[in-house]
Amino acid sequence: MDDVEPLVPHGPAEKTPNGHCTHCPNSRQSPADSGVVDDFRRRLKYFFMNPCEKYRARGRKPWKLILQILKIAIITFQLVSFGLSNEMMVTFKDENLMVFKQLFLKEYNNQHVDRYAVYTKTDVYDHIYYIIDRFTNLQNLTVGNHEYEKTDGGFSPLIICKEFYRISNISPGNDTFVIDQHVDKECISIYPLGPLEDTTLSKDMNFSLDFKRLLSVNIYLTLKAINLQTVRHHVYPDCYDFTVTIRFDNRACSGRIKINLENDVGINECKDWNVAGTYMKNNQPLLIDVLVIIACFSSLILCTRSVCSGTLLQLHYTEFVHTYYGKTVSWSERMEFVNGWYILIIVSDTLTIAGSALKIGIQTKDLTNYDVCSILLGASTILVWVGVIRYLGFFKKYNILILTLRAGFPNVIRFSCCAGLIFLGYCFCGWIVLGPYHEKFRTLDKVTACLFSLIIGDDSYSTFKKMREKNYLVWLFSRVYLYSFISLFSYMLLSLFIAFITDTYETIKQQQKDMVLVSPLQTFMADSDLPDSGKQGLSSSVFSLRWAS
């Protein structure tokens, strides 16, 4: 590495009215200028100290450090609590989805969704009538606490809607067809007036289907239930609305009508409930969320203030160097004043505050969007725990790992872009050529997942084995395609990636060993302090390591 050119002051400066240096004839500083330079050097050193060094230098308590540690603890507790609640909700939804499939789908035995279908007209009618009979006799069948939804003093009906082309005249024997693509929709409603003793009543309904025009039959029904699961021996009841949709899909007109059941869940606040001894316990998660918001908001203010202070100090440093040394500060040197860890904490605090606000809305039953809340809290938790690495950087042995990640990041990004282009090419090639012959290459999303699994060596044999041998040319191409992909990504590109990291690690290790100062700013701060500089003077090696981190 080339030696860094030090900042050599020119002595007393001749200045223009705006304060800029125009001529610096002397090679030595005056006593007054020397004091200004030393004061500014100590100011820079103090700014780049870690919390422990600031405490030793001026006795300043590390409030941000204490707040970050406290924030990590309460955010982790909040996430665990939310995870347990979310797990309970998801379990209840999944179990009810399975219950509805067993109740309303005829001869359903945990079959795969794509394989559950009917093939004859009689089977279509039988399945529709079966759903009607099960719905009207629900109270006599279910072992859960499911009930019909009540609206305007009555029960919500089961609704059957059929969608069909307005005109469809198809003659496969003559290779002719006439279709009006306008889709009509007709619906009928069936009210659960009470248990039906005559199970053939539904078969007497005037309900017919023209299968040559039929696109789909959708059956909608709404049920209610209460989740009474317990967490740590305490009951947290939730009232659920289940909107069940059963779809008979005939859009392909292939002679195979797929049947799919979907369950849309809404969570409501129970109107009248009483569980002894749970009032304070039910408000405990709310108090934790409020605590998290207060802690994150305080952290957000402190870190934003630190970023603003760094920006102002960077402006002062730029002006100082231009005034006293007649030089221009480079962009990379200016970016050293921007603490990336504070930016990370600010983003994390923003996500946590938004996620906690959504979580409060979910607990008060004003909102039901668990997915958005989970994404916000999950992403913020990743950033919070990644931020812990910053404090490990205070120790020399851990710091070298952080410096390696930081220095190698640009090379990793450039390498990933190049490798990504090659990967994308293989994805499109596999999708187009092998898609018709292999299930794992049927869609672009499946191709991406399959190729990534091949890179890490997962499920390689089955990928080769399942390739259909209907076309020898395609089978031969698949072998060349898979062998070349695995050889290129698993051996060549992966080895290059490891080489990047190893080379960066060795470079950083040698720099620390030789005490190399990699920027004029570090060289300026590493200059010896005057004897009267006090407790703020530190050795150049300490600041070299600290500033690099």
Side-chain angles (χ1 to χ4, degrees), residues 82-119 123-150 155-161 190 192 195-196 199 202 216-232 235-250 256-268 270 362 365 368-375 439 445-446 449:
F82 179 73
L84 293 174
S85 174
N86 198 18
E87 179 183 355
M88 181 178 65
M89 184 271 297
V90 171
T91 301
F92 189 71
K93 286 174 56 179
D94 291 344
E95 290 182 354
N96 275 273
L97 179 62
M98 181 57 63
V99 168
F100 296 146
K101 288 181 178 180
Q102 296 288 347
L103 283 175
F104 299 115
L105 299 184
K106 185 178 181 180
E107 298 177 356
Y108 180 84
N109 294 315
N110 298 330
Q111 300 183 43
H112 195 276
V113 175
D114 293 337
R115 298 177 181 176
Y116 188 76
V118 291
Y119 302 90
D123 287 340
V124 173
Y125 284 114
D126 287 345
H127 279 73
I128 294 176
Y129 296 145
Y130 181 83
I131 294 170
I132 297 173
D133 288 336
R134 304 289 277 190
F135 175 74
T136 54
N137 288 280
L138 179 68
Q139 300 292 337
N140 298 329
L141 296 174
T142 180
V143 296
N145 54 13
H146 301 95
E147 289 188 1
Y148 305 115
E149 182 186 39
K150 294 182 179 180
F155 295 122
S156 295
L158 178 146
I159 301 175
I160 304 177
C161 296
I190 301 175
L196 298 179
T199 58
S202 59
S216 66
V217 177
N218 299 320
I219 301 177
Y220 307 97
L221 55 97
T222 303
L223 301 174
K224 299 180 73 68
I226 297 178
N227 183 8
L228 296 176
Q229 295 188 66
T230 60
V231 177
R232 296 179 182 178
V235 179
Y236 297 93
D238 285 319
C239 294
Y240 288 77
D241 291 337
F242 296 102
T243 302
V244 181
T245 302
I246 305 173
R247 182 183 302 274
F248 293 74
D249 190 358
N250 190 43
R256 180 174 183 263
I257 299 180
K258 294 186 292 185
I259 303 176
N260 185 31
L261 186 147
E262 298 177 353
N263 184 23
D264 187 18
V265 182
I267 306 176
N268 303 317
C270 297
I362 291 174
K365 311 307 177 187
T368 60
N369 200 331
Y370 270 84
D371 293 335
V372 175
C373 182
S374 301
I375 291 173
E439 183 179 356
D445 180 62
K446 290 182 178 180

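What you see below is based on every heavy atom in this structure, not just the backbone, and it leaves out hydrogens, waters and symmetry mates.
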Let me see the working for I128 and I160 under side chain to side chain contact (heavy atoms under 4.5 Å, CB included), right down to the final yes or no. CA-CA 9 Å; I128 294 176; I160 304 177; 4.2 Å; yes
Test side chain to side chain contact (heavy atoms under 4.5 Å, CB included) on F242 and N96; report intermediate values, then the result. CA-CA 9 Å; F242 296 102; N96 275 273; 3.6 Å; yes
CE (M98) and NZ (K93) are apart, to the nearest 0.5 Å, by 14.5 Å
Does I226 form a side chain to side chain contact (heavy atoms under 4.5 Å, CB included) with Y240? I'd like the steps, not just the answer. CA-CA 6 Å; I226 297 178; Y240 288 77; over 6 Å; no
Using a strict cut-off of less than 4.0 Å between a Lys/Arg side-chain nitrogen and an Asp/Glu carboxylate oxygen, indicate whether D249 and K258 qualify as a salt bridge. no
Identify the two heavy atoms, one from K446 and one from E439, that lie closest to each other, and give their separation to 0.1 Å. CD-O, 3.6 Å
Are a donor atom and an acceptor atom from the side chains of N218 and R247 found within less than 3.5 Å of each other? yes
Compare all side-chain heavy atoms of T245 with those of L261 and state whether any distance is below 4.5 angstrom. no
Does any non-hydrogen side-chain atom of Q139 lie less than 4.5 Å from one of E147? yes
Quick one: are I257 and Y119 in side-chain contact, heavy atoms under 4.5 Å? no
Pair I246, V217 - check side chain to side chain contact (heavy atoms under 4.5 Å, CB included), show working. CA-CA 8 Å; I246 305 173; V217 177; over 6 Å; no
Are the aromatic ring centres of F104 and F135 under 6.0 angstrom apart? no
Do Y220 and T243 touch side chain to side chain, with heavy atoms closer than 4.5 Å? no
Heavy-atom pair with the smallest gap, counting every atom of S156 and P192: O-CD, 3.7 Å
Main-chain N/O of I132 paired with T136 side-chain donor or acceptor, under 3.5 Å: yes
If you define the side chain from C-beta out and look only at heavy atoms, does anything of L223 sit under 4.5 Å from E149? no
Using the six-membered ring wherever Trp is involved, compare the ring planes of Y108 and Y116 and label them parallel, tilted or perpendicular (cut-offs 30° and 60°). perpendicular
Show the nearest heavy-atom pair for residues F248 and I259, with the distance to one decimal. CE2-CD1, 3.4 Å
Within a strict 4.5 Å, meaning less than it, do heavy atoms of the L221 and I159 side chains meet? no
Do L138 and Y148 come within less than 4.5 Å of each other through their side chains, counting heavy atoms only? yes
